Number of protein chains: 2
Amino acid sequence: MASRAKATIFDIAREAGVSKSTVSLVLQGSGLIRPETAVKVRKAIEDVGYVYNRGAANLRKAHSNVIGMVINDLTNPFFAELAVGMERVFQSAGIVPFIANTAENPVRQEEVLKSLMEQGVAGLIVSPARGTTPGAFRRLETAGVPVVFAMRRLPESRIPVIAPDNHRGAYLATAHLIGKGHRRLVFFGGTSDLVVYQERLGGFREACETLGIAARDTLVVQGETSRRGGIACLETALAMAEPPTAALCFNDAVAFGVMLALRKRGLEPGTDFAVVGFDDVVEAEHYMPALTSVSVDTAGLGERAAHVMLKMIQSRTTRAEDHIGAVNLVVRESCGPNRSADLGMGDAA
Amino acid sequence: MASRAKATIFDIAREAGVSKSTVSLVLQGSGLIRPETAVKVRKAIEDVGYVYNRGAANLRKAHSNVIGMVINDLTNPFFAELAVGMERVFQSAGIVPFIANTAENPVRQEEVLKSLMEQGVAGLIVSPARGTTPGAFRRLETAGVPVVFAMRRLPESRIPVIAPDNHRGAYLATAHLIGKGHRRLVFFGGTSDLVVYQERLGGFREACETLGIAARDTLVVQGETSRRGGIACLETALAMAEPPTAALCFNDAVAFGVMLALRKRGLEPGTDFAVVGFDDVVEAEHYMPALTSVSVDTAGLGERAAHVMLKMIQSRTTRAEDHIGAVNLVVRESCGPNRSADLGMGDAA
DNA sequence: GCCTATAAATGGAACGTTCCAATAAATCAA
DNA sequence: TTGATTTATTGGAACGTTCCATTTATAGGC
C-alpha cells in the first residue's frame with residue numbers, strides 16, 4: 001500500500017504498459033491519446049497512489065501555477081474579505097492562491113517575497129507593509145514576475161494598483177458629517193507614511209474647505225490604525241481646549257476604538273459625538289450603535305485584483321492599468337440625528 | 001539589467017570563474033569553501049540578480065522547506081491568531097508557512113490539499129472543514145507527509161491533534177453560570193458533526209449533572225457557528241415556553257450574535273440574560289458588555305502545533321502525541337452579578 | 001496491394017539543482 | 001624529496017517532468 005519511494009510517471013507507465021511520454025500526455029489532458037489508453041493510465045495512477053510533482057514540471061514549463069498573496073495584517077478581517085474575493089476568481093481558474101502574512105514588518109516581508117520567488121510564483125498580489133523601502137520590489141520587477149498592489153500602494157512605484165477611491169470616500173463621509181451640522185471635525189488615526197492616509201486625509205480636507213469649514217476648525221490626530229489607536233486618538237482630542245464633535249476615522253478598527261472610548265467616558269456615540277469609519281467591514285453593521293462607514297466593496301476589489309493578475313500572466317506583461325473602485329457611504333447610527341437644531345438653524349426651537 | 005532568461009548557477013559560476021558545484025556549496029553555506037571564494041561567488045550572485053530555484057533543488061533533496069497551513073475559515077479572527085502563533089516559530093526555523101483557505105468546504109479542501117501535495121510540502125497543519133470525509137487525508141498518509149490537526153479533529157483519525165481542553169472549558173463556564181444562580185441553561189450553536197461540539201456540549205452536560213441541574217432544565221439549540229447563528233439561536237430559545245436565563249455559546253462569534261439579538265429585543269446582556277463565549281478572541285474584551293469567555297491561548301496552540309510539526313519532519317515520522325491545551329475562564333461583564341438574591345438565598349432581602 | 005496521410009505512442013534531451021566520487025592543490029611527517 | 005593527509009574544487013549522474021522529433025500503427029485513396 002504505502003510504497004517505499006514515491007511513484008513517478010515511470011512507475012505508472014510500467015503499471016499501465018505504456019511509455020512515460022504517454023503518461024505525461026494523459027496528465028496534461030492531451031487529446032492526442034486514445035480514450036481507452038487514457039482510462040488505463042488513469043487507473044494506474046489511482047492504483048499506484050501517484051502524486052504529481054509540480055516542481056519537476058515547472059523546471060521545464062515556462063510558468064508555474066502558483067499565485068501568492070502577501071498580506072500585511074492577517075488579523076484585520078478586512079484582508080480576509082479581500083482574500084475571499086480573490087479566491088473566488090482563482091478557484092475558477094484552477095489556481096490555489098497561497099497566502100503569506102508579513103505582520104506589517106518590512107523585514108519579514110522581504111523574507112516572504114524571497115521565499116515566494118524561490119518557489120517560482122507566477123504572480124503576486126501584495127498589500128505592502130508599512131515602511132516598505134522603494135527597492136523592495138526591484139528584484140521582482142527584474143525577474144519579470146507580475147505584481148499588483150491591492151489596497152495600498154508605494155509612493156513612486158510603477159506597479160499597478162487596485163484600490164478604492166479613498167479621496168472620494170473621505171469626501172463623502174466628511175460631507176455627511178458637515179451636513180449633520182458639525183463644525184469642528186477631526187481626522188483620526190493613520191500615519192503619513194501611508195499613501196492611503198494621504199488620500200483619505202486629502203478627501204477630508206477638500207470637503208472641509210469646499211463646504212466652508214474654517215481650517216482652524218479641522219483637526220488631525222495621527223495614530224495606530226487599530227482599535228487601540230482609536231482609543232488613544234479620542235483621548236487626545238477630548239483633552240483639547242475646543243474639542244471636536246465629529247470624527248472621520250482612518251478605518252473601521254479605529255472607529256470601533258473611538259466608540260469604545262466614548263462609552264468609557266459616559267458619552268454616547270452618535271448623539272454626543274459623531275463617528276464614521278472607513279472600509280465597512282462586516283462588524284460595522286453589527287456594532288452598537290451600528291457604524292456609519294465608507295463601503296469599499298472589499299471582496300469586489302479582491303476579485304478585480306485577481307482578474308488583473310490573471311490577465312497579466314496570460315499576456316506575459318508586468319504592467320497594467322490601475323483600478324480605482326467605487327465607494328459609497330453606508331449611513332447607520334453612529335452619527336445620530338441632524339444637529340442643525342442645536343445651531344439655531346431649524347424652525348422648531 | 002533585466003537579462004533575457006533567468007540566471008542559473010551556471011551563469012553565476014561563469015561570472016565568478018568557478019564551477020557550478022562550488023556555487024551550489026556557497027548557496028548552502030557549506031564550510032568547505034575558502035572564504036575569499038565564497039565572497040567572490042556571493043558578489044556574482046548579487047550582480048547577476050540570481051534567484052534560487054527551490055523547485056529544482058527539491059527534485060534532488062529529500063525534503064522541501066514548505067509548510068502549509070490549511071484553514072477552514074479565514075474570516076474568523078480566531079484562526080488569524082492561530083496563524084500568528086505558528087508563524088512565530090516557523091520564522092525562527094527559517095520557514096515561511098503558506099496559508100490556504102478552504103472556506104469550510106470539503107471539496108475546496110480536497111483541491112487545496114492536492115495542490116499543496118503537488119507543491120511538495122514538508123508538512124501540513126490543518127483545521128479540517130466541516131463534513132470532511134474520513135478518507136480525505138488518506139493520500140497524505142500514504143505519501144508519508146506529516147499532518148497535524150489544529151483545533152479540530154476527525155472522528156476516527158490517527159492524526160495527532162493540538163486542541164484546547166474543550167470539555168473542561170465548557171465545564172468551567174457552565175459551573176460559573178450555575179454559581180451565578182442560573183437554573184435554566186442552554187447551549188447555543190454548533191452542530192453535532194463537529195467533534196469539538198461533542199466535547200464542549202459534553203462539558204456543559206457534565207457540569208449541569210454534577211452541580212444538580214435537572215436534565216429538563218438544560219436546553220440545546222444547534223446553529224451556525226457565527227454571529228448570525230447566535231442571533232437565530234436566541235430567537236429560538238426565547239420563543240420557548242420556559243425560556244432559559246443563561247447560555248454557554250459554542251464560540252465567541254455565536255456569543256456576539258446572542259448579545260446583539262438580546263439588545264435588539266431590549267434585553268441587556270449580563271443583567272437580563274447571561275452569556276459566555278468560547279475561544280476568547282481579542283474582540284471579546286472590547287465588546288459592550290465585555291464578554292466572559294473561555295480563553296484557550298490560541299497563539300500558544302499555534303506555536304505548539306508548529307513545534308510538533310517541526311519535530312515530526314525532523315524525525316521523519318507521521319505520528320505524534322496529541323496535545324490538549326489548558327483553558328481558563330476569563331470573567332468579564334456578560335454574566336452580570338450573582339443571581340442568588342433573586343432566588344431568595346441571600347441574607348439581604 | 002502499394003503509397004500517402006493521419007493518428008497514436010515513444011525515446012531522448014533538456015530544465016536547475018544536489019551530492020558523491022574524483023581530482024588538484026596545499027600541508028605535513030618522515 | 002616522497003608519500004600520506006588534509007583542504008578546496010570539480011565533473012557527472014541523478015531527480016521527475018515536458019516537448020520535440022521520430023517511429024509505429026491505422027486508415028484512406030487509387
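Owing to the predicted nature of the structure, the values given are computational and were not obtained by experimental measurement. In what follows, every chain begins at residue 1, and chains take the letters A, B, ... in the order their sequences are listed.
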From [atom1] of [X] over to [atom2] of [N], roughly how many Å is that when rounded to an integer?
X     : N      : atom1 : atom2 : answer
B:L25 : D:dG11 : CG    : P     : 13 Å
B:F10 : D:dT10 : CZ    : C1'   : 11 Å
A:I33 : D:dA25 : CD1   : P     : 19 Å

What is the nucleic acid contact for A:S24, judged by heavy atoms within less than 4.0 Å: base, sugar-phosphate only, or nothing? base
task: With heavy atoms under 4.0 Å as the rule, sort A:S21 into base, sugar-phosphate or nothing.
output: base
Comparing B:L59 with B:T37, nearest DNA chain D nucleotide closer to 5' gives the residue B:T37
Over all heavy atoms of both residues, which pair between B:V18 and B:V23 is shortest? Give the atoms and the distance, please.
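Shortest heavy-atom contact: CG2-CG2, 3.9 Å.
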- Query: Aromatic rings B:F149 and B:F137: how do their planes relate, parallel, tilted or perpendicular, breaks at 30° and 60°?
  - Reply: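 Perpendicular: the ring planes of B:F149 and B:F137 meet at over 60°.
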Applying side-chain hydrogen bond (donor to acceptor under 3.5 Å, both in side chains) to A:Q109 and not counting sequence neighbours gives A:T132
- Start with the C-alpha gap between B:S19 and B:T22, add the side-chain angles, then the distance that decides, and say whether side chain to side chain donor-acceptor pair (under 3.5 Å) holds. CA-CA 5 Å; B:S19 79; B:T22 303; 3.2 Å; yes
- How would you list all residue pairs meeting side chain to side chain donor-acceptor pair (under 3.5 Å) that involve residues 50-70 of chain B, not counting sequence neighbours?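 Pairs touching residues 50-70 of chain B that pass the test: A:E118-B:R54.
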Its 5'-most and 3'-most nucleotides having an atom under 4.0 Å from a non-hydrogen atom of chain A, DNA chain C is contacted over C:dA8 to C:dG16
- Would you please confirm or rule out a distance under 4.0 Å between OP1 or OP2 of D:dT10 and any side-chain N or O of B:S19? yes
- Query: Does A:E104 offer a backbone N or O that forms a donor-acceptor pair with the side chain of A:R130 under 3.5 Å?
  - Reply: no
